[in-house]
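To start, the structure itself, in structure tokens.
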Amino acid sequence: MGQSKNGKLQGKVAAITGGGGVLCGHFARTLAMQGVSVAVLDLNLESAQAVVDSILATGGEAKAYKANVLEKEVMKQVAATVLADYGPCDILINGAGGNHPAGTTSEPFFDAGQVEAPDIKSFFDLEVDGVDFVFKLNFLGTLIPTQAFAKQMLGREGSTVLNISSMNAFTPLTKIPAYSGAKAAISNFTQWLAVHFSKTGIRVNAMAPGFFLTQQNERLLLNPDGSLTARGNQIIEQTPLGKFGKPGDLDSTLLWLCDPSSSFITGVVVPIDGGFSAYSGV
Ligand code: NAD
């Protein structure tokens, strides 16, 4: 459900990386509904433009920018273009992120028989390039855009950086060591940067979404007929509220953390997870 307009963010400028994706595209629309001018950044310009079109169609203000979060010079150029288009950035959401099969084991637990099994991807088969890809995309993909945009935010009270962590950051999920480690790095970096920027007026926080059905995880969680996979079922059983999240479930936290009146909140990583991280399973 959309949040009603409260005027607190009217006229602000937001830059959102991964803004063409499911969750960050939703964040872009939610902020635009609050009167924020939104720079939608994505590697995939078409998906960023589709988000922008949906915002323009409802009377909001947004522009799409092609930007790879791993290319520092490109990010600096895009930040300069956004500055010229809208003025200094007030809100940076570091949303680009994801996993890669090459950094993922096929089985949750190891046994010695897996070493010679051709159809099993064991711990010993993890590919360095795949792990490197996931660490770079998530961690450097948060650090580099922050370097590019935070210069505009220095000394501007009420400005904020919002990173996207994950449940994996608290306790790693089986099979995905690279993604878990990379998201843990984002939580850690959120705390580090909150302290580092504490004298600048920039607050730094993170949201840690639980399990939301998106392009990235749909095939892991749902069978083609729409029923739950074994892993999807495990997640639902471990989620006390008994369901996957919907993007709109993140809105209240998004607006709360971006709200300039949340001026004493910095360095927090907020789980929005239906109770997943609170539940031991017993
Ligand atoms: P998504 O795949 O829908 O969106 C990710 C977007 O990032 C895509 O549009 C993609 O083009 C873009 N992107 C990928 N590499 C990029 C790069 N190098 N530079 C710029 N853009 C790039 O994913 P989503 O589920 O909406 O996830 C958004 C964020 O939320 C990610 O950081 C993800 O790890 C995190 N997250 C998702 C869930 C979930 O359940 N979906 C849970 C916790 C955290």
Side-chain angles (χ1 to χ4, degrees), residues 15-30 39-52 54 64-75 77-79 92-100 103-104 132-146 148-149 162-173 176 178-187 189-190 206-222 231-232 235-236 238-239 243-250 253-254 269-274 276-277:
I16 307 182
T17 72
V22 177
L23 296 183
C24 291
H26 180 83
F27 298 159
R29 284 186 282 269
T30 299
V40 180
L41 280 57
D42 206 289
L43 194 55
N44 182 336
L45 185 59
E46 278 176 19
S47 58
Q49 189 59 52
V51 169
V52 166
S54 69
Y65 305 81
K66 184 173 170 64
N68 182 345
V69 289
L70 298 177
E71 293 178 1
K72 187 167 176 178
E73 287 310 310
V74 171
M75 286 306 305
Q77 281 165 20
V78 170
L92 170 65
I93 301 182
N94 285 309
N99 194 15
H100 193 283
T104 302
D132 189 49
F133 172 89
V134 177
F135 266 85
K136 281 192 175 135
L137 173 58
N138 290 281
F139 180 59
L140 286 179
T142 294
L143 186 143
I144 291 170
T146 307
F149 278 94
L162 191 54
N163 297 329
I164 311 298
S165 185
S166 166
M167 285 300 100
N168 303 290
F170 300 100
T171 306
L173 257 64
I176 49 175
Y179 186 64
S180 298
K183 288 298 190 186
I186 289 180
S187 290
F189 178 61
T190 299
M207 294 198 282
F211 296 88
F212 290 70
L213 276 177
T214 60
Q215 295 147 357
Q216 271 183 33
N217 60 21
E218 199 173 48
R219 274 175 298 140
L220 287 172
L221 304 179
L222 294 185
R231 195 161 171 93
I235 287 168
I236 294 295
Q238 180 68 28
T239 303
K243 56 185 178 183
F244 295 119
K246 296 194 182 69
D249 295 330
L250 299 167
T253 308
L254 167 73
V269 180
V270 183
I272 307 114
D273 65 347
F276 182 93
S277 58

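For ligands, and for the atoms within them, numbers begin at 1 and follow the listed sequence.
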Which residue and atom name correspond to the protein heavy atom nearest [atom], and how close is it?
atom: atom 19 (N) of ligand 1; value: V69 N, 3.0 Å
atom: atom 35 (C) of ligand 1; value: I164 CG2, 3.6 Å
atom: atom 37 (C) of ligand 1; value: L23 CD1, 3.6 Å
atom: atom 21 (N) of ligand 1; value: L43 N, 3.3 Å
atom: atom 39 (C) of ligand 1; value: F212 O, 3.6 Å
atom: atom 5 (C) of ligand 1; value: Q216 NE2, 4.0 Å
atom: atom 3 (O) of ligand 1; value: V22 N, 2.9 Å
atom: atom 4 (O) of ligand 1; value: G21 CA, 3.3 Å

* Of the non-hydrogen atoms in I144 and L70, which two are nearest, and what is the gap between them? -> CD1-O, 3.7 Å
* Taking N or O atoms only and a 3.5 Å limit, does C24 qualify as a polar contact for ligand 1? -> no
* Looking only at N/O atoms, are N68 and ligand 1 under 3.5 Å apart anywhere? -> yes
* For E46, all residues meeting salt bridge (charged side-chain N to carboxylate O under 4.0 Å, His left out), sequence neighbours excluded -> none
* Is there a side-chain contact between V40 and I16 (heavy atoms, below 4.5 Å)? -> no
* Just wondering, do L92 and T146 contact through their side chains at under 4.5 Å, heavy atoms? -> yes
Side-chain donor-acceptor pairs under 3.5 Å in residues 17-25, sequence neighbours left out?
unit_1, atom_1, unit_2, atom_2, d
T17, OG1, G95, N, 2.9
T17, OG1, A96, N, 3.1

* To do: Determine, step by step, whether L250 and H26 satisfy the side chain to side chain contact (heavy atoms under 4.5 Å, CB included) criterion, reporting the C-alpha distance in whole Å, the side-chain angles of both residues, the deciding distance to 0.1 Å, and the verdict.
  => CA-CA 9 Å; L250 299 167; H26 180 83; 5.8 Å; no
* Structure fact -> The answer for which part of L213 has a heavy atom under 4.0 Å from ligand 1 is neither
* **Under-4.0 Å heavy-atom contact with ligand 1, by part of K183 that carries it** => side chain
Selected option - heavy-atom contact closest to [atom], from [options]:
atom: atom 11 (O) of ligand 1; options: V74, D42, N217; value: D42
atom: atom 20 (C) of ligand 1; options: A67, G20, G18; value: A67
atom: atom 44 (C) of ligand 1; options: G141, S165, G210, G97; value: S165

* To do: Could you walk me through whether I93 and L254 pass side chain to side chain contact (heavy atoms under 4.5 Å, CB included), step by step?
  => CA-CA 10 Å; I93 301 182; L254 167 73; 3.6 Å; yes
If you count the atoms of ligand 1 from 1 in the order shown, which ones are under 4.0 Å from a heavy atom of [X]?
X: G95; result: 28 (C), 29 (C), 31 (C), 32 (O)
X: P209; result: 42 (C), 43 (C), 44 (C)
X: T214; result: 25 (O), 41 (N)
X: Y179; result: 33 (C), 34 (O), 35 (C), 36 (N), 44 (C)

* Asked: So, do F244 and F212 have ring centers that fall under 6.0 Å from each other?
  -> no
* Asked: Going from CE on M207 to CD1 on I186, what distance comes out if it is rounded to the nearest 0.5 angstrom?
  -> 12.5 Å
* To do: State the CG-CD1 distance between L173 and I235, to the nearest 0.5 angstrom.
  => 6.0 Å
* Using only heavy-atom distances, determine whether the side chains of T190 and N163 contain a donor-acceptor pair under 3.5 Å. => yes
* Step by step, would you call F133 with N138 a side chain to side chain contact (heavy atoms under 4.5 Å, CB included)? -> CA-CA 9 Å; F133 172 89; N138 290 281; over 6 Å; no
